[in-house]
Every structure is written in structure tokens, then in C-alpha cells.
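Step one of this worksheet: look at the structure below.
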Amino acid sequence: MQIEIIPFNTRYSQHFYDLNIEWLKTYFYVEPYDEEVLSKPEEYIINKGGFVFFAKLNETILGTVALMPTSTKNVFELTKMAVSPKYRGYKIGQQLMQYCIEFAKQHQFKALMLYSNTKLENAIYIYRKYGFIEIPVEKNSPYKRSDIKMILEV
């Protein structure tokens, strides 16, 4: 499957919201912080120096991911990764992750960091496969559902 990874465009904002809400409802629940960020990606991600990417096949958006700046200079949070249920199992999430890692290297980021949950065994396996290592989750984590935090120096 030959997908194209494209940068944020406002015409795809609804896909960003819908894909992530579906994923959250399938595996967890939607927290108020999620709702706020997902409904306003320009305000919470793009305008703060972050990035949103989409996996696209022809005219169909298959998945999405975001890189949000953190309080640590040149460390970005890999977040809001979601793939359409119809296209799960085609390694689209891995392609999005690989793209983000290459993007981080090209833009001389120091590291990528992410929050997850250990019940997502396949995701944790993939993060480790790409070199992410576990670090302590801070007490004031922005996500109630996260019980693991990982980092990849790039």
C-alpha cells in the first residue's frame, strides 16, 4: 500500500478529530484535555510550534499523528496517533512513527517523548522496536490514562 504522509491542512482537521476520538473510545475514554486539543489542533499544536501529519491514500485519510513541543527545548511529544479501523494491520502507524523520527532528525530535535498505557502491548512493543526507552511518568502527567512514558533521543 503506497501511502503519502502529508503535513497539516485545515481541510483535514475533522479527520484528526474523528480518528483520535474513535481510537480513544475504542481503547479508553475521552478526557477533557483530549477533546480540547483534538477540536483545536491549530491552537494547541500548530501555533505552538508543533506539527500534525496525515497518512493519505489517494484522497482518503488513513491515519494521523502529532508532534507537540514540550517545556524542554527541542523535545517533542509524539502524540495523537490514530489509524482508521478499516486500515489497521497495514503498518500505517509504524510508517507515521518512522516519518516522525526522520522528521525529528532532519529538524535536529533532541528527542521524541510519548505517553502510553501498558495495556497497549502491541504499541509498547513497536515503541521499543524503534528504540524508545521507558522513563518515569511525572505525577502531574497530562493524561490520566497513561501509566508509561518513553523517550527516544534522535
Are side-chain heavy atoms of [X] and [Y] found at a separation under 4.5 Å?
X      : Y      : value
Met97  : Phe132 : yes
Ile133 : Leu152 : no
Tyr44  : Met68  : no
Val52  : Thr64  : yes
Phe54  : Leu62  : no
Tyr12  : Lys56  : yes
Cys100 : Phe51  : no
Ile135 : Met150 : no

Do other residues, nucleotides or ligands put more than 12 heavy atoms under 6.0 Å from [X] [atom1]?
X      : atom1 : result
Glu121 : CD    : no
Gln108 : CD    : no
Tyr125 : OH    : no
Asn47  : CG    : yes
Tyr90  : OH    : no

Compute whether any side-chain donor of one residue and acceptor of the other, for [X] and [Y], lie under 3.5 angstrom apart.
X      : Y      : result
Tyr143 : Glu31  : no
Gln94  : Tyr99  : no
Glu102 : Gln106 : no
Asn117 : Ser146 : no

Any salt bridge linking [X] with [Y]? Criterion: basic side-chain nitrogen under 4.0 Å from a carboxylate oxygen.
X      : Y      : result
Glu22  : Lys25  : no
Lys110 : Glu153 : no
Asp34  : Lys80  : yes
Lys48  : Glu43  : no

Approximate separation, where rounding is to 0.5 Å, of [X] [atom1] and [Y] [atom2]:
X      : Y      : atom1 : atom2 : value
His107 : Lys105 : NE2   : NZ    : 14.5 Å
Leu112 : Leu78  : CG    : CG    : 6.0 Å
Gln14  : Asp18  : CD    : CG    : 4.5 Å
His15  : Asn9   : NE2   : CG    : 10.0 Å

Single-linkage hydrophobic cluster [X]~[Y], side-chain heavy atoms < 4.5 angstrom:
X      : Y      : result
Ile45  : Ile5   : no
Phe16  : Ile3   : no
Tyr130 : Val75  : no
Val30  : Leu120 : yes
Tyr27  : Ile126 : no

- Nearest heavy atoms of Gly93 and Val83, plus distance in Å: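 For Gly93 versus Val83, the nearest heavy atoms are N-CG2, 3.8 Å.
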- Query: If every non-hydrogen atom of Leu96 is compared with every non-hydrogen atom of Gly63, which pair is closest and at what distance?
  - Reply: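 Taking Leu96 first and Gly63 second, the nearest heavy atoms are CD1-C, 4.0 Å.
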- Query: Under the side chain to side chain donor-acceptor pair (under 3.5 Å) criterion, do Tyr115 and Glu77 qualify, and how do the steps go?
  - Reply: CA-CA 8 Å; Tyr115 293 93; Glu77 180 184 353; 5.9 Å; no
- Given side chain to side chain contact (heavy atoms under 4.5 Å, CB included), test Ile124 with Tyr127 step by step and report yes or no. CA-CA 5 Å; Ile124 302 300; Tyr127 300 145; 4.1 Å; yes
- Query: So, does Thr70 use its side chain to make a donor-acceptor pair with the main chain of Phe76 at under 3.5 Å?
  - Reply: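 Side chain of Thr70 to backbone of Phe76: no pair is present.
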- Is a donor on one side and an acceptor on the other found under 3.5 Å between the side chain of Ser141 and the backbone of Val137?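 Between the backbone of Val137 and the side chain of Ser141 there is no qualifying donor-acceptor contact (under 3.5 Å).
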- Lys149/Met113 under side chain to side chain contact (heavy atoms under 4.5 Å, CB included): CA gap, chis, key distance, verdict: CA-CA 7 Å; Lys149 182 176 179 180; Met113 176 272 299; 3.6 Å; yes
- Query: Going through the checks in order, is the side chain to side chain contact (heavy atoms under 4.5 Å, CB included) test met by Val37 and Thr79?
  - Reply: CA-CA 11 Å; Val37 172; Thr79 188; over 6 Å; no
- Message: Would Lys144 pass as a cation-pi partner of Tyr33, given that its NZ or CZ must be under 6.0 Å from the six-membered ring centre and within 45 degrees of the axis?
- Response: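 So Lys144 doesn't make the cation-pi contact.
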- Query: When the ring centroid of Phe103 is compared with that of Phe53, is the distance short of 6.0 Å?
  - Reply: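 Aromatic pair counts; centres sit under 6.0 Å.
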